[in-house]
Amino acid sequence: MVSENLSELHCNQRTLFGRGSLDKLVPLLASQQQPTLLFCGQSFLQGPAYARLKTSLNDHIIGYEIVRNEASPADIDGWVARWRGHVDRVVAIGGGSVLDAAKAFSAMIQHPLPTARYLEKVGDSAVQAVTLPLIAVPTTAGTGSEVTQNAVVTDQHDIQVKASLRHPVFVPRVAILDPDLLKGAPDNVLASCAIDAFTHLFEAYLSTKGNLFTRQLALTGLKQFVQAWPALNRKDAEGDDAREAMMMASWLGGVSLSSAGLGVIHGIAGELGAIKPFHHGEVCGRLLFPFLEQLAESQQPEQQKLMSELHQQLFSETAASPARHLKNWLQHQSISPFWQEGPSLTLTEVDWILARANSKNSWVNYSQEQMREMIVQAWPIN
């Protein structure tokens, strides 16, 4: 008998984890001399880590590209045109947008057609199992992009799509996870990124594609998240431990979503991201809270069983409603009320999102009205 939900695990060939592990980057580059391109964010270039590594790092790179937002197909095509034939290796240091941009570039520089031709949802050509070797160094703990096999590409103007380039070989060959790179980030950034990691773990845990293997991976990450969430911005040893735990939770979130998939929160968030420049983590967090309210009212037996088991693993006290207890705990313990105030949506935009949103791997096939309720509770509607 073959299991209904078989698991596949794709992760980095090499993972360096721990405070100060960024210092391993230059020796790693020096051990094999190759023309290397750096992708990074402006904040990294202005920060203390780059100031400390600048001289030695620059000896091993031929240039750099600054990523200022989620990369579009045109951005990637421009980078490919500029560097094709000159680069044999890529380093990415930054948040999820930087890592995704570098992953997309590393793959597309090995492919002959424009990026949009290979995108899920809109492309007409299959990606091939070729990419440049990539060293990924996340400076946020949220997306888990350093360990996923997909590179997210966004076009909010021409084709209005947020979609992935996806293949197992697109997983970065090396990940360097240095929790000290989270130090000094604003509270709203720390919280918005962390709730993205939580949503990856939580939706993978609840996924219809899940099994014992994937749920244990997700559960490990969720336990690390619960330890870290209230103390991410502390400047003492407890803060150091929290940032280390969140970096692990984020990595496990990437592994979990790759193995078990995601749910309705991302089924909505992915479409919203095609038309609005909102921070993806904040989008997931805003949708998470009304989703938990719907989950509290759900009679779907598998959802309720999984929530009951999760509550027992994460919290010592009993709760009449595990979903509402989780919502209240997340909001009460957050270092930033990222779900308050903020941007708005129009009715036209809501309708556009709902026409394309889906439940992904949720146990419930959520109706448009249920998804609309999540959206209108998450944002003011004009």
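A side-chain hydrogen bond (donor to acceptor under 3.5 Å, both in side chains) with Ser145 is found for exactly one of Asp100, Thr140, Asn150, namely Asp100. Applying ring pair (Phe, Tyr, Trp, His ring centres under 6.0 Å) to Trp79 and the options Tyr64, Phe105, Phe39 leaves one that passes, Phe39.
Between Leu287 and Thr199 there is no side-chain heavy-atom pair separated by less than 4.5 Å. By the 4.5 Å heavy-atom criterion applied to side chains, Gln294 and Glu297 are not counted as neighbours. Here the side chains of Ile93 and Tyr50 are not in contact, with every heavy-atom distance at 4.5 Å or above. Residues Trp339 and Gln331 are in side-chain contact: their nearest non-hydrogen atoms beyond the backbone lie under 4.5 Å apart. Taking the side chain as every heavy atom from C-beta outward, Gln313 and Leu222 never approach each other to under 4.5 Å.
Below 30°, between 30° and 60°, or above 60°: for Phe225 and Phe198 the angle between ring planes is between 30° and 60°, a tilted geometry. Using cut-offs of 30° and 60° on the angle between ring planes, the pair Phe202 and Phe291 is perpendicular.
The shortest heavy-atom contact between Leu22 and Arg52 is CD2-NH2, 4.4 Å. What you find for Asn12 and Glu146 is that their closest heavy atoms are ND2-O, 2.6 Å. Nearest heavy-atom pair, Leu29 versus Arg89, reported as atom, atom and distance to 0.1 Å: O-NH2, 3.4 Å. The two residues Gly263 and Ser362 have their closest heavy-atom pair at CA-OG, 3.5 Å. The two residues Val67 and Ala101 make their nearest non-hydrogen contact at CG2-CB, 3.9 Å.
Using a 4.0 Å cut-off between charged nitrogen and carboxylate oxygen, Lys162 and Glu70 count as a salt-bridge pair.
Using modelled atom types, one finds a donor on one side chain and an acceptor on the other under 3.5 Å when comparing Asp75 with Ser72.
When ring centroids are compared, His167 and His10 stay outside the 6.0 Å threshold.
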(request) Before giving the answer on side chain to side chain contact (heavy atoms under 4.5 Å, CB included), spell out for His279 and Cys193 the whole-Å C-alpha distance, their side-chain angles and the decisive distance to 0.1 Å. (result) CA-CA 9 Å; His279 188 286; Cys193 291; 3.9 Å; yes
